[in-house]
Protein chains: 2
Amino acid sequence: MDRTQLTRTAVIARGAEIADAGGFDSVTLAAIARSFGVQTPSLYTHVRDLAALRDGITVLALDELAERIGDAIAGRSEYDALVGFGNAHRSYVQDHPGRWESLQRRAGADAVAAPAARRIVRVNDAVLLGYGITGDDRTHAIRIVGSALSGFLNLERIGSFAHSTPAAERSWQELLDSLHLLLTHWHDRESLRTKEKS
Amino acid sequence: MDRTQLTRTAVIARGAEIADAGGFDSVTLAAIARSFGVQTPSLYTHVRDLAALRDGITVLALDELAERIGDAIAGRSEYDALVGFGNAHRSYVQDHPGRWESLQRRAGADAVAAPAARRIVRVNDAVLLGYGITGDDRTHAIRIVGSALSGFLNLERIGSFAHSTPAAERSWQELLDSLHLLLTHWHDRESLRTKEKS
DNA sequence: GTCAAATCCTAATGGTGTTAGGGTCGGTTG
DNA sequence: CAACCGACCCTAACACCATTAGGATTTGAC
């Protein structure tokens, strides 16, 4: 179908397109081969096996997402950085749902060790640095923010918010505001606790 | 392998066991048939197709999870209810990772319409009611709490927290405390905002 | 005791990933 | 310049999967 030179990068890119179009599970060596007008075994010259192909898509997604986040938080801090961070994620899910799906799974060792993975960690740190949170607290805060955002986007993706009002968009704003509230009061959170705690 | 009468319920239960043992993707009609010492086509008497089998596992998981949550929050309110709610989820992921996985996907229409789905909504409401949050705010709050908890558990499951310190357990406590903070200050959250907001 | 429905079977088809090994073309090397 | 070699794609084959068609056997009702 395409005249592109068959190469590892091109194969993975085509896999990513198929993932976005039909879901990550629809990524198949046979479908990629078909789209190139080539026989399935020919792909093994460029990709070790299906698992390596999927890890390749994961690394690609990590890289693209890290770049989007980096652009979104550059020169911003606190609330603006947080909103940029969140919306970078959300727009990526909308633009590339299949690639996002490739991140919601246990990836192979080479994908975890990829430079792209370190890059994601770095941009995450940058957001929290703006709030003046350091040390173990920063790890906790990153995990909490990442959990809330990815959790929301996954629930939205699978349609969990589709059958109730108000629209998910409104809750997204509330979520970002809530996280901002949490981060700005991170250091005096103890004093805000109510009696019922213990 | 088992002398159990072959029936729709038994087939789905066996599928759930296989999911917990090897991941949701390892649930296959062939594997279930093998475990019963039966030929694959025989299962079609009890289950429409593979999609129906997976939806059956999803409904089973919804039911079991709703029951755990119900037990965990019975007679509790505010922080205790929230902690019970969170830990019910977390223990379910640990005990039945494959069934939990069956919930992290877009399910079929019959699964969405199942009574179990409504049951989950009811127990969710119960937690928020204890904090005195009602109306649209309750929907927002449920979505935020659900996003944060499921997001954390999914990231923990795929190993996102495995390669950094401190242990995920610590962050889980921070998450529950953070959510409690958010819910207790839900109604005065506007007054806690800092100037940078806009 | 007979009939019918339920249940399991075998046979077959088409889709998937994967390996083995053959042909062809381009560029490299003596 | 000619022989060679390696990269690349091919065909053939195998194992595993879901699904459908249709036959046989058992079970339960009347």
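Numbered from 1 within each chain, the chains take letters A, B, ... in sequence-line order. Computation of the quantities below employed the complete heavy-atom set of this structure, encompassing side-chain atoms and omitting hydrogens, waters and symmetry-equivalent molecules.
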**Asked** Between B:Q39 and A:T28, which has a closest nucleotide on DNA chain C that is more 5'?
**Response**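 Taking each residue's closest nucleotide, the earlier one in sequence belongs to B:Q39.
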
Which whole-number value in Å describes the distance from [X] [atom1] to [N] [atom2]?
{"X": "A:Y44", "N": "D:dA7", "atom1": "OH", "atom2": "C1'", "result": "19 Å"}
{"X": "B:R8", "N": "C:dT7", "atom1": "CZ", "atom2": "P", "result": "13 Å"}
{"X": "B:R54", "N": "D:dC17", "atom1": "CZ", "atom2": "C1'", "result": "12 Å"}
{"X": "A:H46", "N": "D:dA7", "atom1": "NE2", "atom2": "P", "result": "12 Å"}
{"X": "A:L43", "N": "D:dC9", "atom1": "CG", "atom2": "P", "result": "9 Å"}
{"X": "B:D49", "N": "D:dT19", "atom1": "CG", "atom2": "C1'", "result": "9 Å"}
{"X": "A:F36", "N": "D:dC9", "atom1": "CZ", "atom2": "C1'", "result": "14 Å"}
{"X": "B:I32", "N": "D:dT19", "atom1": "CD1", "atom2": "P", "result": "12 Å"}

**Prompt:** Taking the side chain as C-beta and beyond, is there a heavy-atom pair between A:N154 and B:S150 under 4.5 Å?
**Reply:**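 No - every pair of side-chain heavy atoms lies 4.5 Å or more apart.
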
Nearest to side-chain heavy atoms of [X], which nucleotide of [options]:
{"X": "A:A30", "options": "C:dC8, D:dC10, C:dG17", "answer": "C:dG17"}
{"X": "B:T45", "options": "C:dC9, C:dT16, C:dT7", "answer": "C:dT7"}
{"X": "B:L50", "options": "D:dA18, C:dG17, C:dT19", "answer": "D:dA18"}
{"X": "B:L29", "options": "C:dA11, D:dA18, C:dT18", "answer": "D:dA18"}

**Message:** Check for me whether B:R143 meets the cation-pi criterion with A:F161, that is, NZ or CZ under 6.0 Å from the six-membered ring centre and within 45 degrees of the ring axis.
**Reply:**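 Yes, a cation-pi geometry.
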
**Asked** Within the structure shown, what part of the strands sits under 4.0 Å from A:S42 by heavy-atom distance: base, sugar-phosphate, or nothing?
**Response**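 Counting heavy atoms under 4.0 Å across all strands, the contact made by A:S42 includes a base.
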
**Asked** Take atom CZ in B:R138; do more than 12 heavy atoms of anything else shown fall under 6.0 Å from it?
**Response**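 Count over threshold, so yes.
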
**Message:** B:I69 vs B:Y92, test: side-chain contact (heavy atoms from CB on, under 4.5 Å). Steps then yes/no.
**Reply:** CA-CA 10 Å; B:I69 296 173; B:Y92 192 75; over 6 Å; no

**Sidechain N-carboxylate O distance under 4.0 Å for B:R54, B:E101** =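 The answer is no: the pair does not qualify as a salt bridge.
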
